[in-house]
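Heads up, the thing below is written out as structure tokens.
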Amino acid sequence: MEAIPQSERKGRLEALAPELIDELSVTSGRSRDLPALPDADRGVVMRFAPNPSGPLHLGHARAAILNDYYVRRYGGRYILRIEDTDPRRVDPEAYLSVQEDVDWLGLMITDIVYQSDRLDIYYRCCRDLITIGAAYVCTCDPGRFRELRLARKPCPCRENPAEENLSLWQKMLDGEFVEGEVTVRIKTDISHPDPAMRDFSLFRIVNSPIHPRTDATVYPLMNFSVTVDDHLLGITHVIRGKDHIANTLRQRYLFDYFGWVRPHYIHYGRMSISGVVLSTSGMREGIASGTYSGWDDIRLGTLRALARRGIRPEAVRNAMLDISIGETDISFSWENLYAHNKAIVDPEANRYFFVPDPVEFMIRDAPIHEAKALLHPNDPSRGYRALTCRGSIVIPRDELAGNAKRSMLRLKDLFNVRIEETDGHPVLVYAGDSLEEARKAKAPIIQWLPAEEKLPCVLHGQEGDCTGFCEPRVAEEIGNVVQFERIGFARIDLHTACGIEALFLHR
RNA sequence: GCUGCUAUAGUGUAGGGGCCAAUCAUGUCGGCCUUUCACGCCGACGACUGGGGUUCAAAUCCCCAUAGCAGCACCA
């Protein structure tokens, strides 16, 4: 199947099984293939490797979904690797929240690995490296080393014999050094044009805080643990952001020293995301100070915040696949995400009236009338909401405020009202049931609620809140996404003594 | 500053010498449908960063410029 180009598949399928064509377009949602991966035809082993410092956000989702896509496409294993080798950047609660977010995204994870379980493996590999003279224990002051590196000069420790390095390394493991005193460095090329490549660190000591999963004090730096694990876990392809390009180059030294075969690497470009807070530390501070209500505050870019607003994981997936793995820097488009989400949510969401900034009117000469508004216009079988008008209604204030020209309104699924003026105040007068007349008069068709049949409702948006009333039956939709007619989609979050709390999703 | 990566419509993307006066999606605008400014349908709008070069032929290859981004941690 994979050997057949996407462009030819539909044609071939048409010849073989025409009845499946419809299914093809329904299930795919999007049709374009991502670029093929080299050496992938016999399956792949890939990984998603977050640092457990907080819940996952949109930035993580890209890496997670891109890798997931290829594992599904080629078959193989998908390893969730928890990179918790920096005690300072480990939030104990994040082990759980990362798992929850991975589940929400629906990743096809086959294995889970915690790097904090593998410290002994890293220690052994480091010992090997020191033994062959590829790494040394450096006792220089970090500032001093930086100067030397910039001057392309080796530090004195570089010349120490392997035996001495091995005993220093053992002393590190025995706890005879404290944080900052020593580091293990790899021997690269001390005059490499990129200073970032010159004898970078492999291990360091961290005395505090205590790691939630281990009592170790010697920790590998990312480039070391990543290299060892990528090899030992048999990773075939690595897809990650281009902020890792330098790391890929650094890891190459390690692969070469160990004599290991490198995986294939793809570095996608930077993705800027506007409108939400993304940095884990920024979010944590905001939550601590009370600026944000929690990790799922609607102003944050965490997956749980998106979920709370009513974004579906499939929409996130489709948006990320649209973006693909290009090396160009891009800006994430909420519009495109919303379009994907709307495609999923629109057929499902029941319709309701929400009247923001309401004003109450007694309609003169109004007959008592029950409106039957469909729960979904494209699916009458779901039934309708019955709203009885006994004369008093609420409508949005700006339906009367702005356009003085309007002389008639159509209350949706009810009847027409004429706008008259008495003593400078608008008055609504019953003007018949004819939809035709309303159309002829170009009367806007607006949402409304019976004055005695309404629930207080706050619609929380990212830019601020909007208060008003909604239909009582919205209380049955807790947790669901509904469409407030003429306003947009919203997820019904809570029903409290004060009324409904709804979260605006998108138009 | 040094090292490296990238550059197609508002946004995302396809195209990797002739099939490109450039694909698809989204968006915007107009129309149709419709008792929502939703959905659906039809149509329109809108881009190859600039300059050199190679070539019969360049969005596509090369060089320079410009711009953006990344890395230069005992973080990941």
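Naming: A, B, ... by sequence-line order, numbering from 1 per chain.
At a cut-off of 3.5 angstrom, the base of B:U6 holds no donor-acceptor pair with the side chain of A:D329.
Residue A:E327 is in sugar-phosphate contact alone, with no base atom involved, counting any heavy-atom pair closer than 4.0 Å across all strands shown.
Annotation: cation-pi pair A:R473/A:Y352 absent, no NZ/CZ under 6.0 Å from the ring centroid and within 45° of its normal.
For A:R62 and A:C140, each mapped to the nucleotide of RNA chain B holding its nearest heavy atom, the one lying further toward the 5' end belongs to A:R62.
Nearest approach of A:L374 to A:P377, heavy atoms of both residues: CD1-CA, 4.1 Å.
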Base contacts versus sugar-phosphate-only contacts with protein, heavy atoms under 4.0 Å: please encode nucleotides 35-49 of chain B as B, S and - from 5' to 3'.
BBBBB----------
Would you sort out whether A:E399 and A:V359 count as a side chain to side chain contact (heavy atoms under 4.5 Å, CB included), showing the intermediate values?
CA-CA 10 Å; A:E399 295 300 340; A:V359 265; over 6 Å; no
Determine, stepwise, if the pair A:K171 / A:V182 fulfils side chain to side chain contact (heavy atoms under 4.5 Å, CB included).
CA-CA 10 Å; A:K171 284 182 181 173; A:V182 285; over 6 Å; no
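Between A:R270 and A:D243, no side-chain nitrogen of the basic residue sits less than 4.0 Å from a carboxylate oxygen of the acidic one, so the salt-bridge criterion is not met.
Atoms CG (A:D194) and P (B:G1) sit 16 Å apart, rounded to a whole Å.
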How is the base pairing of RNA chain B summarised as a dot-bracket string, given the Watson-Crick and G-U wobble criteria with both distances under 3.5 Å, [ ] for crossing and | for another strand?
(((((((..(((.....[.....)))((((((.......))))))...(((((..]....))))))))))))....
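For A:N223 and A:Y253, the side-chain atoms include no donor-acceptor pair closer than 3.5 Å.
Ring planes of A:Y95 and A:Y114: tilted class, angle from 30 to 60°. Ring geometry for A:F48 versus A:H60: interplanar angle over 60°, hence perpendicular rather than tilted (30 to 60°).
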